[in-house]
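Here's the structure, in structure tokens; my notes come after.
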Amino acid sequence: MKVFQQPTVNLLPTGTPGVGKTTLGKELAQRTGLTYVNIGDLAQEGQLFDGYDEEYQCPILDEDRVVDELDEKMSEGGVIVDYHGCDLFPERWFDIVFVLRTDNTQLYTRLEARGYTGKKLQDNVQCEIFQTIYEEAMEAYSKEIVHQLPSNTPEDMEHNLEQIVQWTEQWMKDHN
């Protein structure tokens with residue numbers, strides 16, 4: 001007898017560094033049983049880098065190797081991918097994309113607390129002001145699956161979690 005695996009959803013919470021992707025992604029995994037993958041951690045573990053950016057003081061992600069590393073897991077489904085960019089991933093990977101948005105004054109404070117300074121701090125706040133990640137998501141994915149969510153307060157986080165869990169449950173019902 002052949003056993004068919006039920007389809008399961010793939011989610012991409014994305015946004016500027018400091019908007020709450022990791023907190024949201026880890027908590028979502030707890031509540032839904034989906035697998036949480038942080039691209040930074042994955043790259044670190046597999047040394048999926050292509051040099052070092054002196055200006056931003058961080059390794060440069062080897063995007064092709066990251067996609068190769070994740071492709072099988074993504075086709076199986078049931079994955080939450082946490083990354084501050086989104087246009088490197090194949091469109092077929094995701095059923096829904098959530099772009100988290102944070103007030104730039106709050107974001108500045110959060111990034112400063114992480115030790116961001118100078119150009120790195122300014123560029124990330126400007127990225128949020130200019131909706132760079134949202135525009136990237138709208139260009140990379142079908143507009144119907146891209147949603148913006150406010151991520152300023154613990155109440156926002158809880159509301160977002162409840163909404164996404166509800167959406168995930170509905171998706172599973174509709175596709176099984």
Side-chain angles (χ1 to χ4, degrees), residues 5 7-102 107-128 130-141 145-146 149 151 157 160-161 164 168:
Q5 183 184 358
T8 182
V9 69
N10 286 330
L11 310 174
L12 175 64
T14 189
T16 308
V19 295
K21 297 176 300 294
T22 302
T23 304
L24 180 95
K26 286 179 174 177
E27 184 59 30
L28 263 179
Q30 289 286 312
R31 295 187 189 191
T32 61
L34 298 174
T35 302
Y36 171 78
V37 176
N38 179 297
I39 295 298
D41 294 345
L42 178 81
Q44 195 66 47
E45 289 159 16
Q47 287 302 295
L48 306 175
F49 300 116
D50 190 22
Y52 191 80
D53 186 320
E54 293 298 334
E55 186 175 25
Y56 289 106
Q57 297 292 299
C58 64
I60 299 166
L61 194 66
D62 185 331
E63 296 179 354
D64 292 337
R65 286 179 59 209
V66 168
V67 169
D68 290 346
E69 182 75 24
L70 266 181
D71 201 42
E72 191 176 327
K73 182 187 285 276
M74 295 306 292
S75 61
E76 292 167 7
V79 183
I80 299 165
V81 173
D82 166 359
Y83 192 59
H84 59 262
C86 59
D87 59 356
L88 71 142
F89 305 119
E91 186 175 0
R92 64 182 155 75
W93 276 11
F94 298 106
D95 301 293
I96 195 155
V97 176
F98 297 102
V99 181
L100 302 181
R101 302 298 310 275
T102 299
L107 184 64
Y108 188 94
T109 305
R110 290 179 191 176
L111 293 175
E112 227 177 17
R114 287 184 177 187
Y116 284 40
T117 58
K119 183 171 173 50
K120 187 173 183 176
L121 177 60
Q122 293 302 326
D123 285 357
N124 277 291
V125 172
Q126 282 187 340
C127 181
E128 186 64 12
F130 295 127
Q131 302 186 58
T132 306
I133 307 295
Y134 176 66
E135 287 178 10
E136 207 178 87
M138 292 296 279
E139 287 174 24
Y141 302 99
I145 71 164
V146 177
L149 297 173
S151 186
M157 179 67 71
N160 292 341
L161 285 162
I164 297 169
T168 302

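FYI, side chains are in, hydrogens and waters are out, and symmetry mates aren't considered; it's all heavy atoms of this structure.
Counting only distance, with no hydrogens or angles, the side chain of Y141 and the backbone of C86 share a donor-acceptor pair below 3.5 Å. Judged purely by atom type and a 3.5 angstrom limit, R110 uses its side chain to pair as donor or acceptor with the backbone of G18.
The CG atom of D95 sits 8.5 Å away from the OG1 atom of T8 when rounded to the nearest 0.5 Å. How far CD1 of I145 is from CD1 of I96: 7.5 Å, rounded to the nearest 0.5 Å. Atom CG of L161 and atom OG1 of T168 lie 10.0 Å apart (nearest 0.5 Å). How far CD1 of I164 is from CG of L28: 5.0 Å, rounded to the nearest 0.5 Å. Taking CG of L12 as the start and CZ of F98 as the end, the distance is 10.0 Å to the nearest 0.5 Å. Going from atom CD1 of I60 over to atom CG of D53 covers 5.0 Å, rounded to the nearest 0.5 Å.
The two residues L34 and A29 come nearest to each other via the heavy atoms O-CB, 3.4 Å. Scanning both residues, G25 and Y36, for their nearest heavy atoms gives C-CD1, 3.4 Å. The two atoms that bring L48 and L42 nearest to each other are CD1-O, 4.0 Å, heavy atoms only. Scanning all heavy atoms of the two residues, the minimum distance from L107 to P17 falls at CD1-O, 3.2 Å. Nearest heavy atoms, A137 versus V146: O-CG2, 3.6 Å.
Residues N160 and M157 are not in side-chain contact: their nearest non-hydrogen atoms beyond the backbone lie 4.5 Å or more apart. At a threshold of 4.5 Å between non-hydrogen side-chain atoms, the residues F89 and I39 count as touching. Side-chain contact between V81 and F94 is present, with heavy atoms from C-beta onward closer than 4.5 Å. The shortest distance between side-chain heavy atoms of V66 and L61 falls below 4.5 Å.
Judged as a side-chain hydrogen bond (donor to acceptor under 3.5 Å, both in side chains), and not counting sequence neighbours, S151 has no contacts. Every residue meeting the side chain to side chain contact (heavy atoms under 4.5 Å, CB included) condition with Q44, not counting sequence neighbours, appears here in chain and number order: Q47, F49. When the side-chain hydrogen bond (donor to acceptor under 3.5 Å, both in side chains) test is applied to E135, no partner is found at least two apart in sequence or on another chain. D71 is linked by a salt bridge (Lys or Arg N to Asp or Glu O under 4.0 Å) to R92, counting only residues two or more places apart in sequence or in another chain. Considering only residues two or more places apart in sequence or on other chains, Y83 meets the ring pair (Phe, Tyr, Trp, His ring centres under 6.0 Å) condition with none of them. Residues passing the side chain to side chain contact (heavy atoms under 4.5 Å, CB included) test with S75: none are found, sequence neighbours excluded. D87 is linked by a side chain to side chain contact (heavy atoms under 4.5 Å, CB included) to E136, A140, counting only residues two or more places apart in sequence or in another chain. Qualifying side chain to side chain contact (heavy atoms under 4.5 Å, CB included) partners for E45, counting only residues two or more places apart in sequence or in other chains: D41.
Applying the side-chain hydrogen bond (donor to acceptor under 3.5 Å, both in side chains) definition to pairs two or more places apart or across chains, those involving residues 56-70 are Y56-D123. Residue pairs meeting the side-chain hydrogen bond (donor to acceptor under 3.5 Å, both in side chains) criterion with at least one partner in residues 9-33, sequence neighbours excluded, are T16-E128, T22-D82, E27-R31, R31-E158.
Few gaps surround NZ on K120; more than 12 heavy atoms of other groups in view lie less than 6.0 Å from it.
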Derivation of the side chain to side chain contact (heavy atoms under 4.5 Å, CB included) call for Y108 and L121: CA-CA 7 Å; Y108 188 94; L121 177 60; 3.4 Å; yes
